[in-house]
There are 2 protein chains.
Amino acid sequence: MEFKEAKNKFVQTWGALGSQWGINKTMAQIHALLMVSNEPVSMEDVMEELQISRGNASMNLRALMDWGIVYKEYKAGERREFFTAEKDLDELAVKIARERSKREIKPALKILKEVSSINSKDSAEEKHFVEQTTKLYDFVLKADNMLDKMTEINENWLGRLVLKIMK
Amino acid sequence: MEFKEAKNKFVQTWGALGSQWGINKTMAQIHALLMVSNEPVSMEDVMEELQISRGNASMNLRALMDWGIVYKEYKAGERREFFTAEKDLDELAVKIARERSKREIKPALKILKEVSSINSKDSAEEKHFVEQTTKLYDFVLKADNMLDKMTEINENWLGRLVLKIMK
DNA sequence: TTAAACTTTCAAAAATAAATGAAAGTTTAT
DNA sequence: ATAAACTTTCATTTATTTTTGAAAGTTTAA
């Protein structure tokens with residue numbers, strides 16, 4: 001395979017993966033592009049390489065910065081702005097996990113708590129509902145905490161051990 | 001809050017969460033409905049409760065069964081089929097993780113391996129590409145393995161300890 | 001074997017999400 | 001202060017995904 005082909009294939013693949021995991025396709029593609037770029041990339045370059053409009057590029061670069069996984073960079077003597085991606089993958093994972101937790105899981109937890117707190121009265125149906133949603137609340141909370149703490153695993157000794165055992 | 005309202009809220013919330021995590025909205029809603037149902041639910045009931053068409057109900061129930069998280073059930077003396085959801089949440093998580101790994105991560109890994117194996121020749125650009133995609137491959141592989149093994153944590157002694165520490 | 005009771009399929013329609021591009025907004029050098 | 005160089009916004013268009021519903025397919029009881 002040739003470099004250009006490989007690069008293109010990578011960008012497409014990362015884009016598809018992203019869109020399956022709740023990040024939109026173009027956003028993931030831009031991120032992919034920046035990830036494998038040697039040096040900062042201008043918005044013009046992004047538009048050119050991905051064949052997308054200025055507005056699209058602008059909005060998705062902004063979104064990536066909101067997620068904290070892409071940074072603006074200024075080159076001395078250059079008017080326009082350049083962009084680079086967070087390249088430390090552990091850091092990347094933490095930031096994505098945090099953002100999704102904040103945007104999606106936390107609000108869902110709030111509602112799970114609400115609905116699991118109804119006065120279950122008498123019927124077996126209602127009792128079952130409360131029981132089931134309570135379990136779900138606990139489970140999602142646990143999963144969310146694991147997500148939060150996941151990367152700490154990489155940073156401490158016990159974690160490394162666990163990783164080894166889990167392998 | 002009243003039971004009916006709570007139930008509805010729960011179904012909506014679970015649906016939204018599902019659609020953000022790669023499972024379509026109706027599929028997640030049906031799953032939610034079955035999760036909190038005391039007893040097996042017929043397709044007719046699903047259509048009625050979620051106000052969806054027969055075709056939609058049929059296709060999504062089928063998809064849920066393909067994922068292995070909803071089961072058909074037959075009632076003695078009844079012609080039509082009833083459905084129940086996997087209610088053990090650990091089991092549910094494993095099945096979802098396995099399915100997504102199979103459908104999304106494994107294919108992506110294959111391509112990551114491919115593109116990271118190009119002959120990096122000379123340019124710094126190409127070298128960086130190979131380096132970066134190789135790291136990504138390793139990382140995604142590691143994450144995928146963790147997903148695979150995640151639930152084992154709940155099943156063994158060391159795991160429980162780790163969970164406690166991570167809390 | 002037939003017909004009633006039910007489920008599945010799939011082309012077309014509807015709903016939703018994403019992209020465009022021109023106009024408005026900023027910033028910076030002079 | 002001005003204009004050039006650049007970025008952002010957002011109403012409209014385009015693309016994608018989901019839903020519908022009627023027809024085709026299945027299964028079962030008699």
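- Whole-Å rounding puts the A:E73 CD to D:dT7 P distance at 15 Å.
- Salt-bridge annotation for A:E5 and A:K9: absent, with no side-chain N of the basic residue lying under 4.0 Å from a carboxylate O of the acidic one.
- Between the CG atom of A:D45 and the P atom of D:dT7 there is a distance of 11 Å, rounded to whole Å.
- In this structure, A:R54 atom CZ and D:dC10 atom P are separated by 18 Å, rounded to whole Å.
- Ranking D:dT8, C:dT20, D:dT20 by closeness to the A:I52 side chain, first place goes to C:dT20.
- Residue A:S53 places its side chain closer to C:dG21 than to any other of C:dT7, C:dG21, D:dG21.
- A:K127 has no carboxylate O lying under 4.0 Å from a charged side-chain N of A:E131, or vice versa, which leaves the two without a salt bridge.
- Considering only heavy atoms from C-beta on, B:I23 comes within 4.5 Å of B:W67 through its side chain.
- Nucleotides of DNA chain D nearest to A:S58 and B:M27 differ in position, and the one nearer the 5' end is that of A:S58.
- Whole-Å rounding puts the A:K25 NZ to D:dT16 C1' distance at 9 Å.
- Residue B:R80 contributes atom CZ, which lies 12 Å from atom P of C:dA5 at whole-angstrom precision.
- The interatomic distance linking A:M47 (CE) with D:dT7 (C1') rounds to 11 Å, in whole Å.
- The distance from atom NZ of B:K72 to atom P of C:dT8 is 5 Å, rounded to the nearest whole Å.
- With hydrogens and angles disregarded, a donor-acceptor distance shorter than 3.5 Å links the side chain of A:H128 to the backbone of B:V36.
- Per the geometry, CD1 belonging to B:I23 stands 12 Å off P belonging to D:dT18, to the nearest Å.
- In this structure, of D:dT20, C:dT7, C:dT20, it is C:dT20 that holds the atom nearest to the side chain of A:N56.
- For D:dT18, neither phosphate oxygen OP1 nor OP2 lies less than 4.0 angstrom from any side-chain nitrogen or oxygen of B:T26.
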